[in-house]
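Read through the structure below, which is laid out as structure tokens, and then see the notes.
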Amino acid sequence: MNESFKEAVVFDYFKDPIADIEKNESKINEYVNAGLSKEMLLACPSGTIIGRVIGETRSNLKIYLPFFSHISLPIKSSEHVWVFEEENEKVGYWLSRKIGFAVSEDKNYTVEERIRFPSTSTTTFSKSFPNVREFDMEKSRKESIARNDFKGEPVPEFKIPSHATALQGSNNTLVLLSHNDSIASGQVDIIAGRGVDAVTAPTPVVENYDGYSEVDKGPFNGGKRNPKEGNTSATDLSRIIASMKFDPDSYFSIDIVPEVGGAGPAVVLKSDQVRIVAKKDFKIQVGEGENASGIIIKSSGDIIILPSALGIVKIGGEDASGALLAVSANPVVLGIVTAGQIESSAGGYLGKGGGNGVFATKILVKI
């Protein structure tokens with residue numbers, strides 16, 4: 001048996017082969033006329049591509065199933081892909097997109113053919129989609145079934161440290177397993193939206209001939225590409241950090257109650273809008289045993305703020321100093337608290353020591 005890895009160009013991608021075939025009859029007929037079996041396509045799994053090996057005399061298209069069973073990697077029509085073929089088999093397997101040089105490499109969409117441009121080109125090569133093949137790749141790129149799923153946009157480059165494991169998406173997403181520049185500081189980052197400030201923004205950005213913006217390929221454009229492009233930053237739009245040793249207050253400039261914090265094991269959730277949805281109960285606990293404090297939101301709708309045995313609830317700030325005067329509540333009915341009025345003692349004391357009011361022992365308010 002003769003097996004080998006080959007380079008192929010992608011003509012189409014099937015997210016849902018049955019639905020894609022039903023909705024795109026004319027395009028499927030083109031593939032059938034090119035020698036493919038509709039019945040075989042209908043039986044293919046999600047992630048199947050149609051491709052054509054580069055550099056061979058044969059002109060027919062071929063079906064390639066995804067090589068990995070539980071991992072899916074992005075690929076778009078007209079990009080180049082590594083494929084694995086077994087001799088005399090009607091289908092092959094595709095592994096991943098072919099990485100390009102600086103003139104072409106882009107996590108959003110890589111135009112491998114741009115490598116044919118001379119290094120003296122400085123203005124237009126990052127805009128164009130050169131057709132240097134014997135077949136029309138523009139038609140495949142723009143009219144493929146998978147084209148509707150593609151969202152063209154500038155995606156900043158991420159420079160991967162040698163120690164790190166990184167998983168990058170096509171639309172500015174990143175999962176990074178790294179460290180925090182010291183021993184025992186392993187860190188996991190999940191980031192959506194890098195390069196949004198002036199320091200880390202991808203520059204220059206151009207509008208290409210397909211009508212969407214992309215990062216211009218800097219080394220061949222006067223060396224103007226931002227050297228800090230896409231670096232992780234406190235300004236990243238959305239980020240989750242799980243770290244063995246990290247100082248989130250310092251990193252994100254959180255200056256409320258500065259006495260609390262410092263470097264240590266940390267988990268951070270940062271974005272413009274943060275939602276936590278619990279279908280039953282929700283608890284936040286700090287400390288253990290009698291030193292534990294927390295907030296509990298119960299499925300009944302009650303919200304309980306619980307200080308530790310030696311702690312108090314401070315409302316308004318760390319320097320809250322006002323005692324809260326209250327009276328015993330009547331039984332709560334349907335979420336409504338009722339209580340009698342505090343009466344004047346005609347010059348006497350209200351609260352503890354006189355009258356019918358008492359001071360709360362676990363609450364201070366800002367005066």
**Request:** Evaluate the criterion salt bridge (charged side-chain N to carboxylate O under 4.0 Å, His left out) for residue pair Arg225 and Asp216; output intermediate values, then yes/no.
**Result:** CA-CA 8 Å; Arg225 195 152 178 178; Asp216 201 4; over 6 Å; no
**Message:** Using the rule given for salt bridge (charged side-chain N to carboxylate O under 4.0 Å, His left out), can you reason through Glu22 versus Lys38, listing the C-alpha separation, both sets of side-chain angles and the distance that settles it, and then say yes or no?
**Reply:** CA-CA 11 Å; Glu22 289 179 350; Lys38 182 177 180 180; over 6 Å; no
**Item:** Stepwise side chain to side chain contact (heavy atoms under 4.5 Å, CB included) check, Arg141 with Phe129
**Value:** CA-CA 10 Å; Arg141 188 175 72 251; Phe129 297 83; 3.6 Å; yes
**Request:** Please lay out, stage by stage, how Asp210 and Lys142 fare under the test salt bridge (charged side-chain N to carboxylate O under 4.0 Å, His left out).
**Result:** CA-CA 9 Å; Asp210 267 8; Lys142 292 184 177 181; 3.6 Å; yes
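For the atom pair CD (Glu79) and OG (Ser96), the distance works out to 10.5 Å, reported to the nearest 0.5 Å. With values rounded to the nearest 0.5 angstrom, Leu306 atom CG is found 12.5 Å from Ile284 atom CD1. Of the inter-residue distances, the one linking Ser213 atom OG with Asn108 atom CG reads 10.5 Å to the nearest 0.5 angstrom. Here Ile49 contributes atom CD1 and Cys44 contributes atom SG; the two are 11.0 Å apart, rounded to the nearest 0.5 Å.
Side-chain contact check for Val10 versus Arg52: every heavy-atom pair is 4.5 Å or farther apart. Using a 4.5 Å heavy-atom cutoff, the side chains of Ser182 and Lys245 are in contact. The shortest distance between side-chain heavy atoms of Ile71 and Leu73 falls below 4.5 Å. Contact annotation: the side chain of Lys139 never approaches that of Ser144 to less than 4.5 Å [non-hydrogen atoms, C-beta and beyond]. In this structure the side chain of Val53 reaches within 4.5 angstrom of the side chain of Tyr64, judged on heavy atoms. Here the side chains of Gln168 and Phe158 are in contact, with some heavy-atom distance below 4.5 Å. Residues Ile63 and Met40 have side chains in contact (heavy-atom distance under 4.5 Å, counting atoms from C-beta outward).
Arg147 has no carboxylate O lying under 4.0 Å from a charged side-chain N of Glu143, or vice versa, which leaves the two without a salt bridge.
Residues Pro258 and Asp255 share a closest heavy-atom pair of CD-O, 3.6 Å. What you find for Met244 and Ala184 is that their closest heavy atoms are CB-O, 3.6 Å. Residues Ser104 and Thr110 approach most closely at O-CG2, 3.5 Å, considering heavy atoms. Asp236 approaches Asn231 most closely through the heavy-atom pair OD1-O, 4.3 Å. Looking at every heavy atom in both residues, Ser140 comes nearest to Phe11 through OG-O, 3.1 Å. Heavy atoms only, all atoms of each residue included: Val83 and Ala8 are closest at CG1-CB, 3.9 Å.
Note on Tyr93: it clusters hydrophobically with Leu36, by side-chain heavy-atom contacts below 4.5 Å among ILVMFWY residues. Ile241 and Leu176 end up in different hydrophobic clusters when Ile, Leu, Val, Met, Phe, Trp and Tyr side chains are linked at under 4.5 Å.
Under the side-chain hydrogen bond (donor to acceptor under 3.5 Å, both in side chains) criterion, Tyr31 pairs with Asp12, sequence neighbours left out. Residues satisfying the side chain to side chain contact (heavy atoms under 4.5 Å, CB included) test with Pro45, not counting sequence neighbours, are Thr48, Leu65, Pro66. For Lys270, there are no side-chain hydrogen bond (donor to acceptor under 3.5 Å, both in side chains) partners two or more places apart in sequence or in a different chain. By the side-chain hydrogen bond (donor to acceptor under 3.5 Å, both in side chains) test, Glu105 is found to be paired with Arg97, Lys107, residues two or more places apart in sequence or in another chain being considered. By the ring pair (Phe, Tyr, Trp, His ring centres under 6.0 Å) test, Phe246 is found to be paired with Tyr251, residues two or more places apart in sequence or in another chain being considered. Under the ring pair (Phe, Tyr, Trp, His ring centres under 6.0 Å) criterion, Tyr109 pairs with Phe150, sequence neighbours left out. Every residue two or more places apart in sequence or in another chain that forms a side-chain hydrogen bond (donor to acceptor under 3.5 Å, both in side chains) with Ser238 is listed here: Ser271.
Identified under the ring-ring contact (aromatic ring centres under 6.0 Å, His included) test for residues 160-200, with sequence neighbours left out: His163-His179. Identified under the side chain to side chain donor-acceptor pair (under 3.5 Å) test for residues 275-299, with sequence neighbours left out: Gln273-Arg275. Residue pairs satisfying the ring-ring contact (aromatic ring centres under 6.0 Å, His included) criterion with at least one member in residues 263-295, sequence neighbours excluded, are absent.
Taking the six-membered ring where the residue is Trp, the centroids of Phe84 and Phe5 are separated by under 6.0 Å.
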Residues 189-198 side chain polar contacts: donor-acceptor under 3.5 Å, at least two apart:
residue, atom, partner, partner atom, Å
Asp189, OD1, Arg239, NE, 2.6
Asp189, OD1, Arg239, NH2, 2.8
Asp189, OD2, Gln187, NE2, 3.0
Arg194, NH1, Gly230, O, 2.7
Arg194, NH2, Pro156, O, 3.2
Asp197, OD1, Val199, N, 3.0
Asp197, OD1, Thr200, N, 2.7
Asp197, OD1, Thr200, OG1, 2.7
Asp197, OD2, Ser233, OG, 3.2
Asp197, OD2, Thr235, OG1, 2.5

Under 3.5 Å, which donor-acceptor pairs link side chains of residues 311-322 to any protein atom two or more places apart or in another chain?
residue, atom, partner, partner atom, Å
Lys314, NZ, Glu318, O, 3.1
Asp319, OD1, Lys366, NZ, 2.6
Asp319, OD2, Lys366, NZ, 2.7

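Listed for the Asn172 side chain is no donor-acceptor partner under 3.5 Å among the backbone atoms of Val155. In this structure, the side chain of Asn226 engages the main chain of Ala201 through a donor-acceptor pair within 3.5 Å. Without hydrogens or angle criteria, Asn171 side chain to Lys151 main chain gives a donor-acceptor distance under 3.5 Å. With hydrogens and angles disregarded, a donor-acceptor distance shorter than 3.5 Å links the side chain of Asn33 to the backbone of Asn29. Between the side chain of Ser243 and the backbone N or O of Ala266 there is no donor-acceptor pair closer than 3.5 Å. With Trp94 contributing its side chain and Gly47 its backbone, the two residues share a donor-acceptor pair below 3.5 Å. With hydrogens and angles ignored, the 3.5 Å screen pairs a side-chain donor or acceptor of Asn208 with a backbone N or O of Gly211.
The only option from Glu113, Glu112, Lys98 that meets the side-chain hydrogen bond (donor to acceptor under 3.5 Å, both in side chains) definition with His80 turns out to be Glu113.
Within 6.0 Å of CD1 in Ile256 there are 12 or fewer heavy atoms belonging to other residues, nucleotides or ligands.
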